[in-house]
Amino acid sequence: MKKIFSLLFILTIGLLVFTGCTSKNVSGSLEELMKKVYSKLPNDERPMMLENIVVTEENMEYFLGTKDLEIEEALASESGIGSIAHSVVLVRVKDGANVNDVMTKIKENVNPRKWICVGVEDDEVIIKNKGNLVIVIIAQSGREKLEEGFNSL
């Protein structure tokens with residue numbers, strides 16, 4: 001009887017560890033997810049004329065610092081006007097690609113001072129993931145609320 005309970009206990013712990021260490025991928029279009037990311041940032045704290053820009057091979061280096069990424073798709077949100085450092089990029093990593101490698105490459109290459117007169121410090125850039133979805137937040141203000149919006153996905 002003790003062996004059965006021990007075996008059940010070991011299996012239960014193993015299942016908890018396995019499910020706790022795997023991240024589920026976030027479903028939905030990047031446009032829908034971007035709206036949810038911004039949901040925690042009040043309208044009066046958002047930069048003017050925010051626009052979503054599809055990240056392509058031609059502009060990937062501008063938004064993510066490198067073209068050497070195994071991604072399925074990406075969407076950037078930036079202000080269309082004003083001298084403000086504000087960039088939020090959602091990246092869906094390809095199935096089978098190493099998410100941590102993608103995040104490391106972005107962290108090593110992204111330029112938080114890509115604008116002419118403004119920028120943020122390297123340690124103020126937020127890069128995190130939920131499953132195969134990565135967010136890159138480069139913003140002078142509202143970083144915490146944007147991160148909170150991402151965490152709520």
Side-chain angles (χ1 to χ4, degrees), residues 13 15-153:
I13 295 298
L15 182 60
L16 288 173
V17 168
F18 177 73
T19 57
C21 293
T22 58
S23 299
K24 291 186 177 183
N25 290 334
V26 180
S27 61
S29 74
L30 294 184
E31 290 83 8
E32 293 168 343
L33 297 174
M34 190 68 80
K35 285 180 186 175
K36 291 178 182 178
V37 166
Y38 276 96
S39 68
K40 303 291 184 184
L41 186 64
N43 285 334
D44 63 340
E45 293 181 32
R46 296 179 188 186
M48 293 173 39
M49 294 181 61
L50 276 176
E51 56 186 319
N52 287 340
I53 304 152
V54 174
V55 176
T56 65
E57 189 173 324
E58 289 77 31
N59 63 18
M60 186 183 302
E61 194 166 1
Y62 175 76
F63 291 112
L64 300 171
T66 181
K67 293 181 180 183
D68 184 29
L69 299 171
E70 293 185 73
I71 67 170
E72 183 178 318
E73 62 179 339
L75 183 70
S77 172
E78 292 202 352
S79 175
I81 190 169
S83 295
I84 183 168
H86 184 90
S87 180
V88 177
V89 186
L90 289 175
V91 179
R92 196 176 312 270
V93 176
K94 285 184 180 178
D95 286 340
N98 187 319
V99 175
N100 289 327
D101 286 349
V102 170
M103 292 172 58
T104 299
K105 285 180 183 177
I106 293 171
K107 184 71 174 170
E108 290 173 351
N109 293 289
V110 74
N111 183 2
R113 289 172 289 287
K114 63 184 178 180
W115 302 273
I116 295 172
C117 298
V118 295
V120 301
E121 297 302 318
D122 290 340
D123 62 350
E124 295 176 319
V125 176
I126 297 170
I127 301 173
K128 60 187 315 183
N129 76 297
K130 281 192 149 212
N132 71 340
L133 186 67
V134 174
I135 191 165
V136 180
I137 303 171
I138 304 171
Q140 288 175 309
S141 62
R143 287 186 301 274
E144 296 81 12
K145 291 178 183 174
L146 292 164
E147 183 177 12
E148 184 182 334
F150 180 75
N151 289 338
S152 70
L153 295 179

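This structure is a prediction, so every number in the text was calculated from the model and none was measured. Every heavy atom of this structure was used, including side-chain atoms; hydrogens, water molecules and symmetry mates were not.
- Atom OG of S39 and atom CG of L146 lie 9.5 Å apart (nearest 0.5 Å).
- Here the shortest heavy-atom pairing between V118 and A85 reads CG2-N, 3.5 Å.
- Every residue two or more places apart in sequence or in another chain was checked for a side chain to side chain donor-acceptor pair (under 3.5 Å) with N52, and none qualifies.
- With sequence neighbours left out, D122 forms a side chain to side chain donor-acceptor pair (under 3.5 Å) with R113.
- Not one N or O on the side chain of T66 forms a donor-acceptor pair closer than 3.5 Å with the backbone of E61.
- Evaluation of the salt bridge (charged side-chain N to carboxylate O under 4.0 Å, His left out) test over residues 30-54, restricted to residues two or more places apart or in two chains, returns E45-K145.
- Test V89, L64, I138 against V110 for side-chain contact (heavy atoms from CB on, under 4.5 Å) and you get one pass: I138.
- Under the 4.5 Å side-chain criterion, counting only non-hydrogen atoms from C-beta, N111 is not in contact with Y62.
- When side chains are defined from C-beta on, K94 does not count as touching I71, because their heavy atoms never get closer than 4.5 Å.
- Note that CG of L50 and CG of L41 are 8.5 Å apart. Values are rounded to the nearest 0.5 Å.
- With sequence neighbours left out, the side chain to side chain donor-acceptor pair (under 3.5 Å) criterion links N100 to no other residue.
- In terms of modelled atom types and a separation under 3.5 Å, the side chain of N109 and the main chain of T104 share no donor-acceptor contact.
- Residues I137 and V125 are not in side-chain contact: their nearest non-hydrogen atoms beyond the backbone lie 4.5 Å or more apart.
- Proximity of a side-chain donor or acceptor of N98 to a complementary backbone N or O of D101 within less than 3.5 Å is detected.
- Atom CD of E57 is separated from atom CG of L69 by 11.0 Å, given to the nearest 0.5 angstrom.
- Residues Y38 and S77 are in side-chain contact: their nearest non-hydrogen atoms beyond the backbone lie under 4.5 Å apart.
- Nearest heavy-atom pair across M34 and A76 is CE-C, 4.2 Å.
- In this structure, V55 and L75 have side chains that are not in contact, with every pair of non-hydrogen atoms separated by 4.5 Å or more.
- Listed by chain and number, the residues in a side-chain contact (heavy atoms from CB on, under 4.5 Å) with I116 amount to none (sequence neighbours excluded).
- A donor-acceptor pair is defined here as one N or O able to donate and one able to accept, closer than 3.5 Å; such a pair exists between the side chain of N132 and the backbone of V93.
- The heavy-atom pair separating L153 from K130 by the smallest distance is O-NZ, 2.7 Å.
- Among residues at least two apart or in separate chains, salt bridge (charged side-chain N to carboxylate O under 4.0 Å, His left out) pairs with a member in residues 64-81 are D68-K105, E73-R92, E78-K114.
- With sequence neighbours excluded, the residues satisfying side-chain contact (heavy atoms from CB on, under 4.5 Å) with E124 are V120, E121, R143.
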One pair to check against side-chain hydrogen bond (donor to acceptor under 3.5 Å, both in side chains): N151 and K128. What are the steps and the verdict?
CA-CA 9 Å; N151 289 338; K128 60 187 315 183; 2.8 Å; yes

Before giving the answer on side chain to side chain contact (heavy atoms under 4.5 Å, CB included), spell out for V88 and I135 the whole-Å C-alpha distance, their side-chain angles and the decisive distance to 0.1 Å.
CA-CA 7 Å; V88 177; I135 191 165; 3.9 Å; yes

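- Every residue two or more places apart in sequence or in another chain that forms a side chain to side chain donor-acceptor pair (under 3.5 Å) with E58 is listed here: T56.
- The distance from the CZ atom of F150 to the CG atom of L33 is 8.5 Å, given to the nearest 0.5 Å.
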